[in-house]
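One structure is given below, encoded as structure tokens.
These values consider heavy atoms only, across backbone and side chains, with no hydrogens, waters or symmetry-generated copies. Just so it is clear: chains get the letters A, B, ... in the order the sequence lines come, proteins before strands, and each one is counted from 1.
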There are 2 protein chains.
Amino acid sequence: MVVTGHTSSGGPADPQGSQQKPASIRDVAQAAGVSYQTVSRVINDHPNVKEETRRRVEEAIEALGFRRNATAFALASGVTKTVTVLTSNTVLYGYAATLQGLEEAARAAGYSVGVRVLTPEDDLDRTIATAAAAGGGLVVIGFDRLGAAALDRVPSNVPCAAAVEAPPPGRTPPRPAVWVDDRTASRAATEYLLDLGHETVHYVAIPASTGSRRSAAPRAEGWRQALVAAGVTPPPPTGKGWDAQAGYDAGRKLARDPGVTAILCGNDDLALGVLRALHHAGRSVPGDVSVIGFDDAPHSQFITPALTTVRLDFQGLGRSAFGLLRGQLESDFQPPEPTLAGPELVRRESTGSRDA
Amino acid sequence: MVVTGHTSSGGPADPQGSQQKPASIRDVAQAAGVSYQTVSRVINDHPNVKEETRRRVEEAIEALGFRRNATAFALASGVTKTVTVLTSNTVLYGYAATLQGLEEAARAAGYSVGVRVLTPEDDLDRTIATAAAAGGGLVVIGFDRLGAAALDRVPSNVPCAAAVEAPPPGRTPPRPAVWVDDRTASRAATEYLLDLGHETVHYVAIPASTGSRRSAAPRAEGWRQALVAAGVTPPPPTGKGWDAQAGYDAGRKLARDPGVTAILCGNDDLALGVLRALHHAGRSVPGDVSVIGFDDAPHSQFITPALTTVRLDFQGLGRSAFGLLRGQLESDFQPPEPTLAGPELVRRESTGSRDA
DNA sequence: GGCCGTGTTGTGACCGCTCACAATCCTCGC
DNA sequence: GCGAGGATTGTGAGCGGTCACAACACGGCC
């Protein structure tokens with residue numbers, strides 16, 4: 001049985017076609033009976049070209065199917081309309097959505113976007129140097145440790161912007177960056193749970209993007225603040241990972257403790273795993289336990305129970321990060337004040353009052 | 001309340017630093033007291049360079065922090081180690097996973113990868129021309145109509161490979177392509193449902209990648225074949241979209257019909273929506289209705305009931321597509337026979353026998 | 001000692017385009 | 001009818017690398 005297939009047309013050396021190389025501006029010039037510089041003027045919309053000449057050149061361009069060679073253009077002009085995204089992940093919702101927003105903005109501005117995945121194995125400096133050697137600018141997604149580390153090592157002479165988890169500590173603003181205020185959002189979510197009558201709220205954390213400085217993990221911090229403000233001692237956070245499996249592992253432990261009636265999760269995948277663990281343990285949601293996620297991934301509203309979560313505007317984040325980069329690349333471009341939707345608590349079915 | 005923030009370091013013109021441009025091979029040559037050609041030899045590992053000279057050059061490279069300019073290299077050598085992925089989506093699981101596999105393979109081979117999202121609005125030919133002008137090769141993800149259309153319009157002189165939904169119709173193999181045999185998998189999934197005692201199986205389709213030629217939608221076709229082989233007349237397929245919302249809409253209608261006891265869905269998102277609709281309609285899964293998805297997205301095993309689905313090796317697909325492209329770009333590279341895991345039916349909780 | 005072959009290095013041209021500047025054309029005003 | 005000045009066009013150089021080839025050094029051979 002054929003489980004998979006592929007076609008490829010003949011050997012590596014394609015017998016016919018595919019050989020003739022594309023027309024250059026000199027080819028066009030010759031065809032139009034002008035100098036190459038005139039062709040250059042036409043393709044760059046310079047004002048001083050006689051109408052009739054322009055027309056002739058444009059016809060030649062059309063006839064030869066000429067397209068300006070992007071590489072040569074970049075080399076000669078020094079302008080590389082390219083942005084390379086450095087990220088440790090492309091599939092997780094937050095990352096994918098940020099990338100999506102960025103790509104859209106970049107495309108609209110005529111930039112092409114490259115993606116380079118960061119892995120713990122490879123040499124960060126080398127990777128960055130390679131990416132920077134491509135010309136253009138860098139956008140690093142610094143949601144996690146690896147991304148944050150990469151951001152720190154970008155040499156100061158390469159244009160770079162970042163989307164990060166938390167505002168950089170006050171001292172030297174290292175790089176233009178955008179973030180969403182999820183500390184406040186996390187606090188609000190926790191307060192919501194408290195208002196519902198829960199005596200405490202447990203937290204299943206996502207891995208921190210920074211070392212030990214606890215204040216840098218805004219979601220954890222917002223949760224802690226809400227609890228402290230309410231006069232309750234925060235229970236130890238759990239969780240070691242980003243995905244549903246990590247949530248499931250954390251959830252199993254939490255499910256055993258009857259004192260656990262409200263759980264805030266660092267993201268929706270984690271929440272999904274927690275929900276699953278709770279289900280396995282026979283504890284109902286929201287009857288016995290309330291659960292809140294973070295991010296509002298597309299499927300979160302369709303699972304059962306539909307997940308209460310904090311919606312974050314990742315697309316806007318990506319868009320803004322690109323704007324920041326563009327501001328560095330084009331001296332006359334003033335990056336617009338980032339406009340992204342603020343975090344918003346979306347109440348659905350996974351939360352309920354304590355005594356319901 | 002600050003809901004979002006950003007930092008940017010001063011105005012567009014950075015007062016200090018960021019100005020000095022990177023060292024070229026001539027700078028290195030001068031520093032090492034040799035000619036630029038010798039530097040070129042060193043960075044390209046040419047054999048005939050005296051050991052001591054090489055050492056001196058390497059020191060100079062180190063000292064100046066020299067990095068070969070990728071643009072200039074591409075222009076002069078004609079080799080652009082770049083692959084641009086043309087896709088209509090980057091977030092849906094199948095697309096994202098394919099992209100991930102491709103990026104990994106490309107990175108391992110020293111290629112950089114670009115992403116260009118296709119939209120119905122913009123001019124396909126123009127988009128393709130732009131992407132091709134970047135040099136390097138193209139990989140188009142042709143799972144949907146837009147991607148398939150793009151694939152058709154790639155000029156024959158640009159290196160290109162594709163990941164597609166179904167094998168191209170026999171006649172002229174237009175382009176090297178990879179696909180998974182989901183027709184067979186779909187048939188197997190349907191048979192599984194039939195074996196469970198269901199009298200018929202309903203299908204919630206994903207949008208087809210081709211026009212009207214029905215045989216080109218392999219998932220639908222496998223389902224139909226299984227039904228026909230079992231002597232049952234296939235009910236009309238439903239569904240109009242890729243996401244959970246589309247699944248929900250289709251599921252609502254299906255839920256009203258008590259004759260519906262088994263539903264096969266074109267992907268896991270659709271299945272999620274169907275599950276949700278069934279739940280709202282008060283029909284239990286798998287008690288009243290069995291549901292099967294397609295793709296095995298990461299969260300599918302964590303939802304409740306855990307989704308029975310057909311696992312597809314998208315990463316492998318992306319990897320293989322890259323291999324095919326590389327075969328065209330490097331004349332001495334023989335693309336390995338694509339090795340990707342075959343589709344596999346993963347039985348979980350959303351399916352059960354008719355009379356359970 | 002002169003010749004040859006190999007190892008090592010340097011020079012020139014070029015990739016396809018842009019920039020800066022010089023050369024030519026035209027039109028106008030006196 | 002002629003010079004000024006703007007419009008239009010062409011030439012040379014260079015972006016940062018590569019390739020092809022020439023030049024030079026060295027040792028071994030006759």
Side-chain angles (χ1 to χ4, degrees), chain A residues 19-58 60-61 64-82 129-130 132-136 157-158, chain B residues 19-58 60-61 64-82 129-130 132-136 157 330:
Chain A
Q19 302 307 18
Q20 82 184 11
K21 64 178 188 175
S24 75
I25 62 171
R26 314 204 190 227
D27 298 326
V28 174
Q30 181 163 21
V34 297
S35 78
Y36 57 82
Q37 175 61 4
T38 299
V39 177
S40 174
R41 290 199 179 91
V42 171
I43 62 182
N44 288 313
D45 274 331
H46 268 263
N48 296 340
V49 176
K50 214 200 307 188
E51 197 44 51
E52 201 250 324
T53 310
R54 178 186 303 275
R55 198 185 43 69
R56 265 214 326 271
V57 170
E58 275 164 351
I61 288 178
L64 297 178
F66 168 82
R67 292 247 132 207
R68 173 220 259 137
N69 180 314
T71 304
F73 172 83
L75 180 59
S77 69
V79 179
T80 311
K81 285 205 158 191
T82 286
T130 308
N157 62 343
V158 353
Chain B
Q19 302 307 19
Q20 82 186 8
K21 64 178 187 174
S24 75
I25 61 170
R26 314 203 191 227
D27 298 327
V28 174
Q30 180 162 23
V34 298
S35 78
Y36 57 81
Q37 175 61 0
T38 300
V39 176
S40 173
R41 290 198 179 92
V42 170
I43 62 183
N44 288 313
D45 274 333
H46 268 264
N48 295 341
V49 177
K50 214 201 308 189
E51 196 44 51
E52 201 249 324
T53 311
R54 177 184 303 276
R55 199 184 43 68
R56 264 213 328 268
V57 171
E58 275 164 351
I61 288 179
L64 297 178
F66 168 82
R67 291 248 133 206
R68 173 220 260 134
N69 179 315
T71 304
F73 173 83
L75 180 59
S77 68
V79 180
T80 313
K81 285 206 159 191
T82 286
T130 308
N157 63 344
E330 304 172 27

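To the nearest angstrom, P of C:dC15 lies 17 Å from CD1 of B:I25. Going from atom CD of B:Q37 over to atom C1' of C:dG10 covers 8 Å, rounded to whole Å. For A:H46 and C:dC19, the NE2 to P distance is 6 Å, given to the nearest whole Å.
A:N48 comes within contact range of at least one nucleobase, with a heavy-atom separation under 4.0 Å. A:T38 comes within contact range of the sugar-phosphate backbone alone, with a heavy-atom separation under 4.0 Å but no base atom that close. Among the atoms of the strands shown, none is found under 4.0 Å from any heavy atom of B:R54. Among the atoms of the strands shown, only primed sugar atoms or phosphate atoms (P, OP1, OP2) are found under 4.0 Å from some heavy atom of B:R68.
In this structure the side chain of A:R67 reaches within 4.5 angstrom of the side chain of B:T130, judged on heavy atoms.
The residue among A:V39 and B:V49 whose nearest nucleotide of DNA chain C is located toward the 5' end is B:V49. Comparing A:L75 and B:S77 against DNA chain D, the residue whose closest nucleotide sits nearer the 5' end is A:L75. Residue order along DNA chain C, read from the 5' end via each residue's closest nucleotide, puts B:R41 first among A:T71 and B:R41.
Where the helix from C:dG1-D:dC30 to C:dC30-D:dG1 starts and where it ends, the local axes point in directions that differ by 60°; five pairs per end, rounded to 10°.
Counting only heavy atoms from C-beta on, B:A72 has its side chain closest to D:dG17 among D:dG14, D:dT18, D:dG17.
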